[in-house]
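Following: one structure in structure tokens, then a few remarks.
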Amino acid sequence: MARRRLRTIRDLDLFEKRVLLRVDFNVPFDGDRILDDARIRAAVPTVRAVLNLGAEIRLVTHRGRPGGKVVPELSVAPLAARLEEIIGIHVQVAPGVAGPPVELFLAELAPGELVMLENVRFEPGEEANDPGFCRLLAGLADAYVNDAFGAAHRAHASTEGVAHLLPSAAGLLMEKEVTVLSQVLDNPREPLVAIVGGAKISTKIGVMENLLPRVSAMLVGGAMACTLLKADGAAVGDSKVEEDQLDTARRLLDAGREKLALPVDAVVADAFRADANIQVVDARRIPAGWMMLDIGPETQKGFAMIAEKEAGTIVWNGPLGVYEMEPFRGGTETVARAVAKSPAISIVGGGDLAAALAQLGLEDSITHVSTGGGATLEFLEGKDLPGIRVLEED
């Protein structure tokens, strides 16, 4: 699916312009502490580039799900503080998202000062893509730049609606995400290998169906592999299975059995706990009372060999075991190290897998770690994302 050209910040005259810059700083927290600031760091090149073009920036992001109400504990203040630490420029937080108090606050800023609007999802008009709220946002700026790839699958006011009202373009991160992921779908370096993990096949079926005709191999791990194994007649014990997806799994097996690599062995436990009893068994003969929580050593070896020796491009989404528990992270770690060593172009989906790569110190050995979760999946499904479509040339 060839895409139309994306307008970028190189196509806009931003000198002395007020720029509404949509970023995705919806990062994980533990209380008041940011657990992973990767999305913040990923947007810094665009922030610097827009500042260097002589623009005044109004940063826009969401945090959590406040449901259109002001929830003080979901303020963007910690995000502004972290960006300030990274970029070395003071970042002020506006007293709201839009309206007269915010307009007065912005009018008093000195040229070049960075400001972050309050959590855009405090406003009910955001997720509703309300035209009135879109106009309020547009009134704060002369141009709009969207660098929030992680929210590009949402047709919200700050990701889609406001782009119709201002000269608009993609930021550097958005441009990179679209370029890299488009290459996977349109012109990958062959052979293309997909690695798909995670708990639920229901969340990945669209990606799997879209990629299966394109790949030379699709390596499947995580609990979702158990649904495929059961659909293929295997005994999976007490492993997590999406019973309502068995027919879908059979359809997938019928469509690409020769390309689908399922686990041949499994690390199983008698309880979903790190201190449970553990053994390695045939993945097709898991005893009753036991559940698969990681791919086994033979599967790890086989997946790692394909990734390191047989791939031209690797696209990977989802961990291959219960990575948060130490006894069940071997599959993800072994394959991650192989992907990092591989000469292949490697694209890794965000979320838990990105955190695992960071923990292993391997993120710099991956060609591209996507900042998107649902957006990455929907892009790889071949869907038209509203936050991207509105930035494409007619």
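None of the values given here were measured: they were computed from a predicted structure.
Note that the CG atom of Leu140 and the CZ atom of Arg18 stand 7.5 Å from one another [nearest 0.5 Å]. Remark: Arg189 CZ to Asn187 CG distance equals 11.0 Å, nearest 0.5 Å. Here Leu21 contributes atom CG and Leu117 contributes atom CG; the two are 10.5 Å apart, rounded to the nearest 0.5 Å. Taken to the nearest 0.5 Å, the CD atom of Glu177 stands 9.0 Å off from the CG atom of Asp147. Note that the CG atom of Asp142 and the CG atom of Leu14 stand 9.5 Å from one another [nearest 0.5 Å]. In this structure, Asn317 CG and Leu353 CG are separated by 7.0 Å, a value rounded to the nearest 0.5 Å.
Arg22 and His62 form a side-chain donor-acceptor contact under 3.5 Å, judged by distance and modelled atom types alone. Glu190 and Ser216 share no donor-acceptor pair across their side chains, judged by distance under 3.5 Å alone.
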Checklist entry - Hey, mind stepping through Leu137 and Val97 against side-chain contact (heavy atoms from CB on, under 4.5 Å) and telling me if it holds? => result CA-CA 8 Å; Leu137 280 178; Val97 181; 4.2 Å; yes

Next on the checklist: Pair Val93, Val76 - check side-chain contact (heavy atoms from CB on, under 4.5 Å), show working.
Outcome noted: CA-CA 8 Å; Val93 178; Val76 300; 3.9 Å; yes

Item to check | Test side-chain contact (heavy atoms from CB on, under 4.5 Å) applied to Ser75 and Asn119, step by step | outcome: CA-CA 6 Å; Ser75 170; Asn119 189 339; over 6 Å; no

Checklist entry - Could you walk me through whether Arg121 and Glu126 pass the salt bridge (charged side-chain N to carboxylate O under 4.0 Å, His left out) check? => result CA-CA 6 Å; Arg121 288 190 181 172; Glu126 162 65 0; 5.1 Å; no

Checklist entry - When you look at Glu333 and Arg337, which way does the side-chain contact (heavy atoms from CB on, under 4.5 Å) test go after all the steps? => result CA-CA 6 Å; Glu333 180 171 345; Arg337 295 193 184 283; 3.1 Å; yes

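Under a 4.0 Å N-O distance rule, the pair Glu175/Arg7 does not qualify as a salt bridge. The pair Glu393-Arg5 counts as a salt bridge, with a side-chain nitrogen and a carboxylate oxygen less than 4.0 angstrom apart. In summary, Arg251 and Asp247 do not engage in a salt bridge, as defined by a charged side-chain N under 4.0 Å from a carboxylate O. A salt bridge links Asp30 with Arg33: at least one charged nitrogen is closer than 4.0 Å to a carboxylate oxygen. Classification of Arg257 and Asp232 as a salt-bridged pair holds, one side-chain N sitting under 4.0 Å from a carboxylate O. Taking a cutoff of 4.0 Å between a charged side-chain nitrogen and a carboxylate oxygen, Glu243 and Lys230 qualify as a salt bridge. With salt bridges taken as basic N to acidic carboxylate O contacts below 4.0 Å, one links Arg273 and Asp275. Using a 4.0 Å cut-off between a side-chain N of Lys or Arg and a carboxylate O of Asp or Glu, Arg58 and Glu56 qualify as a salt bridge. Here Arg82 pairs with Glu85 in a salt bridge; the nearest charged N to carboxylate O distance falls below 4.0 Å.
When side chains are defined from C-beta on, Ile286 does not count as touching Asp238, because their heavy atoms never get closer than 4.5 Å. You'll find the side chain of Phe303 reaches within 4.5 Å of the side chain of Ile295, heavy atoms only. With contacts defined as side-chain heavy-atom distances shorter than 4.5 Å, the pair Thr46/Val50 qualifies. Side chains of His153 and Phe379 form no contact here, defined as non-hydrogen atoms less than 4.5 Å apart. Within the 4.5 Å cutoff, no side-chain heavy atoms of Trp290 are placed close to those of Val281. Within the 4.5 Å cutoff, no side-chain heavy atoms of Ser370 are placed close to those of Val348. Counting heavy atoms from C-beta outward, Pro188 and Arg214 have side chains that stay 4.5 Å or more apart. Within the 4.5 Å cutoff, no side-chain heavy atoms of Glu324 are placed close to those of Arg329.
Judged by distance alone, with hydrogens and angles left aside, the side-chain atoms of Glu242 form a donor-acceptor pair with the main-chain N or O of Ser202 at under 3.5 Å. Of the possible polar contacts, one joining the Thr159 side chain to the Arg154 backbone as a donor-acceptor pair under 3.5 Å is found. Panel note: side chain Asp37, backbone Val27; no donor-acceptor pair is recorded below 3.5 Å. Ser168 places no side-chain N or O within 3.5 Å of a backbone atom of Leu391 that could act as its donor or acceptor partner. Asp186 contributes no side-chain N or O that, together with a main-chain N or O of Gln183, makes up a donor-acceptor pair within less than 3.5 Å. Judged by distance alone, with hydrogens and angles left aside, the side-chain atoms of Lys259 form a donor-acceptor pair with the main-chain N or O of Val215 at under 3.5 Å. Looking at Gln300, its side chain never comes within 3.5 Å of a backbone N or O of Thr334 through a donor-acceptor pair. Looking only at distances, no side-chain donor or acceptor of Ser342 sits under 3.5 Å from a matching main-chain atom of Ala338. Looking at Asp24, its side chain never comes within 3.5 Å of a backbone N or O of Phe149 through a donor-acceptor pair. In this structure, the side chain of Thr376 does not engage the main chain of Gly349 through any donor-acceptor pair within 3.5 Å.
For Ala340 against Leu362, the heavy-atom pair with the smallest separation is CB-CD2, 4.1 Å. Considering every non-hydrogen atom in both Met292 and Val268, the closest pair reads CA-CG1, 3.8 Å. Between Leu166 and Ala141, the closest heavy-atom pair is CD2-O, 3.5 Å. Nearest heavy-atom pair, Val19 versus Ala55, reported as atom, atom and distance to 0.1 Å: CG2-CB, 3.6 Å. Pairing each heavy atom of Ala157 with each of Cys134, the nearest pair is CB-SG, 3.6 Å. Of all heavy-atom pairs spanning Gly197 and Leu320, the tightest one is CA-CD2, 4.2 Å.
A cation-pi arrangement is found for Arg63 relative to Phe29, the charged atom lying closer than 6.0 Å to the ring centre and inside a 45° cone about the ring normal. Taking the ring centre of Phe25 as origin, the terminal cationic atom of Arg39 falls outside the region bounded by 6.0 Å and 45° from the ring axis.
The hydrophobic clustering, which links ILVMFWY residues whose side-chain heavy atoms are closer than 4.5 Å, places Leu114 and Ile9 together. Criterion: ILVMFWY side-chain heavy atoms under 4.5 Å apart, direct or through other members. Under it, Leu51 and Leu53 are part of a common hydrophobic cluster. Hydrophobic clustering (ILVMFWY, side-chain heavy atoms < 4.5 Å, transitive): Leu181 and Val196 are in one cluster. Hydrophobic clustering (ILVMFWY, side-chain heavy atoms < 4.5 Å, transitive): Leu136 and Val70 are in distinct clusters. In terms of hydrophobic clustering, with Ile, Leu, Val, Met, Phe, Trp and Tyr side chains grouped at heavy-atom distances under 4.5 Å, Ile201 and Val220 are assigned to a common cluster.
Within 6.0 Å of the CG atom in Asp244, the count of heavy atoms belonging to other residues, nucleotides or ligands exceeds 12. The environment of NZ in Lys17 is crowded: more than 12 heavy-atom neighbours from other residues, nucleotides or ligands sit within 6.0 Å. For Arg284, the CZ atom is densely surrounded, since the number of other residues' heavy atoms within 6.0 Å is greater than 12. Atom NZ of Lys176 has 12 or fewer heavy atoms from other residues, nucleotides or ligands within 6.0 Å.
If you run side chain to side chain contact (heavy atoms under 4.5 Å, CB included) between Val115 and each of Ile57, Leu59, Leu106, only Leu106 comes through.
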